[in-house]
Amino acid sequence: MRKHIVAGNWKMNNDLAQTETLISELKKQIKTSDAEVMIAPSFTNLWHTFEATRNDDIEVVAQNMHFAENGAYTGEVSASMLKSVGIQTVILGHSERRAYYNETDESLAKKVDAALAHDMRIIFCFGEELADRKAGNEESVVESQIKNALFHLEALTFKNIVLAYEPVWAIGTGETASPEQAQDMHAFIRKTLESKYGNVVADDMTILYGGSVKPANAKEIFGKPDVDGGLIGGAALKAEDFYAIVNAF
Ligand SMILES: O=C(CO)COP(=O)(O)O
(Lines give C-alpha, C1' and ligand atoms only; values in the text may rest on other atoms or scores of the structure.)
Protein backbone atom coordinates (compact mmCIF):
# COMPACT_ATOMS: atom_id res chain seq x y z
CA MET A 1 0.00 0.00 0.00
CA ARG A 2 1.25 3.43 -0.94
CA LYS A 3 1.83 5.66 2.08
CA HIS A 4 2.55 9.29 2.69
CA ILE A 5 5.87 9.71 4.47
CA VAL A 6 7.77 12.78 5.59
CA ALA A 7 11.27 11.93 6.83
CA GLY A 8 13.73 14.38 8.36
CA ASN A 9 17.36 13.61 7.58
CA TRP A 10 19.32 15.47 10.23
CA LYS A 11 22.65 14.61 8.54
CA MET A 12 25.69 15.44 10.74
CA ASN A 13 23.82 17.94 12.90
CA ASN A 14 22.77 18.07 16.57
CA ASP A 15 24.80 16.89 19.55
CA LEU A 16 22.97 15.28 22.47
CA ALA A 17 21.76 18.53 24.04
CA GLN A 18 20.58 19.90 20.69
CA THR A 19 18.87 16.59 19.97
CA GLU A 20 16.98 16.78 23.28
CA THR A 21 15.86 20.33 22.51
CA LEU A 22 14.70 19.44 19.01
CA ILE A 23 12.82 16.36 20.25
CA SER A 24 10.95 18.38 22.86
CA GLU A 25 10.07 20.99 20.24
CA LEU A 26 8.92 18.32 17.81
CA LYS A 27 6.67 16.82 20.48
CA LYS A 28 4.84 20.14 20.82
CA GLN A 29 4.06 20.09 17.11
CA ILE A 30 2.71 16.57 16.78
CA LYS A 31 -0.86 16.23 15.70
CA THR A 32 -2.67 13.55 13.80
CA SER A 33 -1.41 13.56 10.28
CA ASP A 34 -2.00 11.80 7.05
CA ALA A 35 1.74 11.18 6.76
CA GLU A 36 4.06 8.81 8.58
CA VAL A 37 6.73 10.88 10.28
CA MET A 38 10.37 9.79 10.53
CA ILE A 39 13.53 11.42 11.81
CA ALA A 40 17.11 10.32 11.19
CA PRO A 41 19.58 11.52 13.84
CA SER A 42 23.27 10.64 13.86
CA PHE A 43 24.34 7.23 15.19
CA THR A 44 25.31 8.66 18.59
CA ASN A 45 21.78 9.94 19.14
CA LEU A 46 19.75 7.02 17.77
CA TRP A 47 19.15 5.21 21.04
CA HIS A 48 18.34 8.34 23.00
CA THR A 49 15.96 9.57 20.29
CA PHE A 50 14.31 6.16 20.03
CA GLU A 51 13.71 6.09 23.79
CA ALA A 52 12.54 9.69 23.94
CA THR A 53 9.96 9.26 21.16
CA ARG A 54 8.77 5.76 22.08
CA ASN A 55 5.21 6.92 22.70
CA ASP A 56 4.97 9.42 19.86
CA ASP A 57 4.00 9.07 16.23
CA ILE A 58 7.60 9.39 15.10
CA GLU A 59 9.80 6.62 13.74
CA VAL A 60 13.53 6.95 14.34
CA VAL A 61 15.64 5.81 11.40
CA ALA A 62 19.36 5.50 10.67
CA GLN A 63 21.24 7.47 8.01
CA ASN A 64 23.44 4.60 6.86
CA MET A 65 24.76 1.13 7.74
CA HIS A 66 27.41 -1.34 6.65
CA PHE A 67 26.59 -4.49 4.69
CA ALA A 68 28.65 -6.87 6.84
CA GLU A 69 27.23 -8.51 9.93
CA ASN A 70 30.26 -7.61 12.08
CA GLY A 71 34.04 -7.59 11.86
CA ALA A 72 37.05 -5.42 11.21
CA TYR A 73 35.31 -2.37 9.70
CA THR A 74 36.45 0.47 11.94
CA GLY A 75 33.89 3.23 12.25
CA GLU A 76 31.00 1.25 10.78
CA VAL A 77 27.64 0.09 12.14
CA SER A 78 25.73 -3.06 11.16
CA ALA A 79 22.04 -3.83 10.66
CA SER A 80 21.88 -5.95 13.79
CA MET A 81 23.44 -3.14 15.84
CA LEU A 82 20.75 -0.79 14.57
CA LYS A 83 18.02 -3.29 15.31
CA SER A 84 19.37 -3.82 18.81
CA VAL A 85 18.59 -0.18 19.61
CA GLY A 86 15.10 -0.35 18.12
CA ILE A 87 15.82 0.93 14.61
CA GLN A 88 13.74 -0.70 11.86
CA THR A 89 14.46 1.60 8.93
CA VAL A 90 17.66 2.80 7.29
CA ILE A 91 18.43 5.43 4.66
CA LEU A 92 20.74 4.00 1.99
CA GLY A 93 22.42 5.60 -1.01
CA HIS A 94 22.18 9.25 -0.04
CA SER A 95 24.05 11.37 -2.59
CA GLU A 96 26.38 12.66 0.12
CA ARG A 97 27.39 9.07 0.92
CA ARG A 98 27.85 8.35 -2.79
CA ALA A 99 29.90 11.53 -3.34
CA TYR A 100 32.08 11.63 -0.20
CA TYR A 101 32.37 7.98 0.85
CA ASN A 102 32.58 6.24 -2.50
CA GLU A 103 29.31 4.37 -2.18
CA THR A 104 28.60 2.67 -5.46
CA ASP A 105 25.62 0.85 -6.96
CA GLU A 106 27.51 -2.34 -6.17
CA SER A 107 28.13 -1.63 -2.49
CA LEU A 108 24.60 -0.30 -2.16
CA ALA A 109 23.16 -3.53 -3.57
CA LYS A 110 24.99 -5.34 -0.76
CA LYS A 111 23.65 -2.93 1.86
CA VAL A 112 20.14 -3.38 0.48
CA ASP A 113 20.50 -7.16 0.77
CA ALA A 114 21.83 -6.91 4.34
CA ALA A 115 19.01 -4.61 5.45
CA LEU A 116 16.37 -6.87 3.88
CA ALA A 117 17.97 -9.96 5.42
CA HIS A 118 17.33 -8.27 8.78
CA ASP A 119 13.78 -7.44 7.77
CA MET A 120 14.51 -3.73 7.87
CA ARG A 121 12.77 -1.09 5.83
CA ILE A 122 14.94 0.91 3.43
CA ILE A 123 14.65 4.47 2.19
CA PHE A 124 16.70 4.12 -0.97
CA CYS A 125 18.04 7.43 -2.34
CA PHE A 126 19.22 8.28 -5.81
CA GLY A 127 19.21 11.23 -8.18
CA GLU A 128 21.10 12.89 -10.98
CA GLU A 129 23.75 15.61 -10.78
CA LEU A 130 23.39 18.99 -12.45
CA ALA A 131 25.63 17.97 -15.36
CA ASP A 132 23.40 14.94 -16.03
CA ARG A 133 20.30 17.12 -16.19
CA LYS A 134 22.01 19.72 -18.37
CA ALA A 135 22.97 16.93 -20.77
CA GLY A 136 19.41 15.55 -20.73
CA ASN A 137 20.60 12.32 -19.12
CA GLU A 138 18.61 12.50 -15.88
CA GLU A 139 16.31 9.60 -16.72
CA SER A 140 19.06 7.23 -17.81
CA VAL A 141 21.14 8.05 -14.69
CA VAL A 142 18.20 7.44 -12.36
CA GLU A 143 17.19 4.30 -14.24
CA SER A 144 20.65 2.78 -13.87
CA GLN A 145 20.92 3.73 -10.18
CA ILE A 146 17.64 1.91 -9.52
CA LYS A 147 18.37 -1.09 -11.73
CA ASN A 148 21.92 -1.64 -10.48
CA ALA A 149 21.06 -1.57 -6.79
CA LEU A 150 17.55 -3.03 -6.73
CA PHE A 151 16.67 -5.08 -9.80
CA HIS A 152 18.20 -8.27 -8.43
CA LEU A 153 15.45 -8.31 -5.79
CA GLU A 154 12.25 -10.30 -5.85
CA ALA A 155 9.00 -8.39 -6.25
CA LEU A 156 7.81 -9.25 -2.75
CA THR A 157 10.72 -7.48 -1.08
CA PHE A 158 9.63 -4.12 -2.47
CA LYS A 159 7.09 -3.83 0.32
CA ASN A 160 10.10 -3.02 2.54
CA ILE A 161 11.46 -0.35 0.23
CA VAL A 162 10.66 3.34 -0.07
CA LEU A 163 12.32 5.27 -2.88
CA ALA A 164 13.62 8.82 -2.49
CA TYR A 165 14.39 10.85 -5.60
CA GLU A 166 16.85 13.55 -4.63
CA PRO A 167 18.33 15.50 -7.55
CA VAL A 168 21.81 16.42 -6.33
CA TRP A 169 21.54 19.97 -7.72
CA ALA A 170 18.55 20.63 -5.44
CA ILE A 171 20.08 19.41 -2.16
CA GLY A 172 20.94 22.18 0.27
CA THR A 173 21.07 24.69 -2.58
CA GLY A 174 17.72 26.35 -2.07
CA GLU A 175 16.95 25.34 -5.63
CA THR A 176 14.01 22.93 -5.72
CA ALA A 177 13.01 20.79 -8.64
CA SER A 178 9.78 22.29 -9.90
CA PRO A 179 6.70 20.29 -8.93
CA GLU A 180 6.45 19.32 -12.61
CA GLN A 181 10.07 18.12 -12.76
CA ALA A 182 9.48 16.06 -9.62
CA GLN A 183 6.24 14.62 -10.98
CA ASP A 184 7.83 13.75 -14.36
CA MET A 185 10.70 11.91 -12.68
CA HIS A 186 8.46 10.11 -10.19
CA ALA A 187 6.22 8.93 -13.03
CA PHE A 188 9.33 7.72 -14.86
CA ILE A 189 10.51 5.86 -11.75
CA ARG A 190 7.14 4.14 -11.48
CA LYS A 191 7.34 3.19 -15.16
CA THR A 192 10.83 1.78 -14.63
CA LEU A 193 9.56 -0.40 -11.77
CA GLU A 194 6.55 -1.48 -13.77
CA SER A 195 8.72 -2.64 -16.67
CA LYS A 196 10.28 -5.31 -14.47
CA TYR A 197 7.87 -5.93 -11.60
CA GLY A 198 4.45 -5.06 -13.03
CA ASN A 199 1.91 -2.45 -12.06
CA VAL A 200 1.12 -3.67 -8.54
CA VAL A 201 4.69 -3.10 -7.31
CA ALA A 202 4.88 0.17 -9.25
CA ASP A 203 1.54 1.54 -8.00
CA ASP A 204 2.21 0.54 -4.40
CA MET A 205 5.69 2.08 -4.25
CA THR A 206 6.04 5.11 -2.01
CA ILE A 207 8.29 7.61 -3.78
CA LEU A 208 9.59 10.59 -1.83
CA TYR A 209 11.05 13.79 -3.23
CA GLY A 210 14.04 15.44 -1.54
CA GLY A 211 15.90 18.65 -2.24
CA SER A 212 15.16 22.05 -0.66
CA VAL A 213 11.64 21.14 0.44
CA LYS A 214 10.32 23.91 2.71
CA PRO A 215 6.99 24.89 4.23
CA ALA A 216 6.50 27.30 1.33
CA ASN A 217 6.78 24.70 -1.44
CA ALA A 218 5.75 21.41 0.21
CA LYS A 219 2.05 21.60 -0.58
CA GLU A 220 2.58 22.11 -4.27
CA ILE A 221 5.18 19.34 -4.54
CA PHE A 222 3.15 16.87 -2.45
CA GLY A 223 0.10 17.75 -4.55
CA LYS A 224 1.56 15.91 -7.54
CA PRO A 225 0.03 12.49 -8.08
CA ASP A 226 3.26 10.47 -8.05
CA VAL A 227 4.91 12.32 -5.14
CA ASP A 228 4.13 10.48 -1.91
CA GLY A 229 6.12 12.57 0.52
CA GLY A 230 9.49 14.10 1.19
CA LEU A 231 12.96 13.53 2.54
CA ILE A 232 13.80 16.79 4.26
CA GLY A 233 17.26 18.10 5.15
CA GLY A 234 17.70 21.68 6.36
CA ALA A 235 14.03 22.31 7.13
CA ALA A 236 13.91 19.21 9.34
CA LEU A 237 16.19 20.91 11.87
CA LYS A 238 13.44 23.33 12.93
CA ALA A 239 10.42 21.67 14.54
CA GLU A 240 7.94 24.23 13.26
CA ASP A 241 9.16 24.05 9.68
CA PHE A 242 9.31 20.26 9.76
CA TYR A 243 5.75 19.90 10.97
CA ALA A 244 4.53 22.56 8.55
CA ILE A 245 5.86 20.20 5.86
CA VAL A 246 4.33 17.11 7.54
CA ASN A 247 1.00 18.93 7.61
CA ALA A 248 1.24 19.92 3.96
CA PHE A 249 -0.61 16.71 3.09
O1 LIG B 1 19.45 15.69 1.24
C2 LIG B 1 18.32 15.97 1.61
C3 LIG B 1 17.55 15.04 2.46
O4 LIG B 1 18.15 13.79 2.51
C5 LIG B 1 17.70 17.26 1.26
O6 LIG B 1 18.38 18.27 1.91
P7 LIG B 1 17.80 19.77 1.88
O8 LIG B 1 16.33 19.66 2.27
O9 LIG B 1 18.61 20.51 2.91
O10 LIG B 1 17.96 20.28 0.49
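When a ligand or atom number is given, it counts from 1 through the structure's own listing order.
Counting only distance, with no hydrogens or angles, the side chain of R133 and the backbone of E138 share no donor-acceptor pair below 3.5 Å. Q183 contributes a side-chain N or O that, together with a main-chain N or O of D226, makes up a donor-acceptor pair within less than 3.5 Å. Judged purely by atom type and a 3.5 angstrom limit, N45 uses its side chain to pair as donor or acceptor with the backbone of N14.
Checking V61, T19, I58 one by one against I39, the side chain to side chain contact (heavy atoms under 4.5 Å, CB included) holds for a single residue, I58.
Remark: aromatic rings of F151 and Y197 are close, center separation under 6.0 Å.
Scanning all heavy atoms of the two residues, the minimum distance from E69 to S80 falls at OE2-OG, 2.7 Å.
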Inventory of protein N or O atoms under 3.5 Å from ligand 1 N or O:
| unit_1 | atom_1 | unit_2 | atom_2 | d |
| --- | --- | --- | --- | --- |
| ligand 1 | 1 (O) | K11 | NZ | 2.8 |
| ligand 1 | 1 (O) | H94 | NE2 | 2.8 |
| ligand 1 | 4 (O) | N9 | ND2 | 3.0 |
| ligand 1 | 4 (O) | H94 | NE2 | 2.9 |
| ligand 1 | 4 (O) | E166 | OE1 | 3.2 |
| ligand 1 | 4 (O) | E166 | OE2 | 2.9 |
| ligand 1 | 6 (O) | K11 | NZ | 3.3 |
| ligand 1 | 8 (O) | S212 | N | 3.4 |
| ligand 1 | 8 (O) | G233 | N | 2.9 |
| ligand 1 | 9 (O) | G234 | N | 2.8 |
| ligand 1 | 10 (O) | G172 | N | 2.7 |
| ligand 1 | 10 (O) | S212 | N | 2.7 |

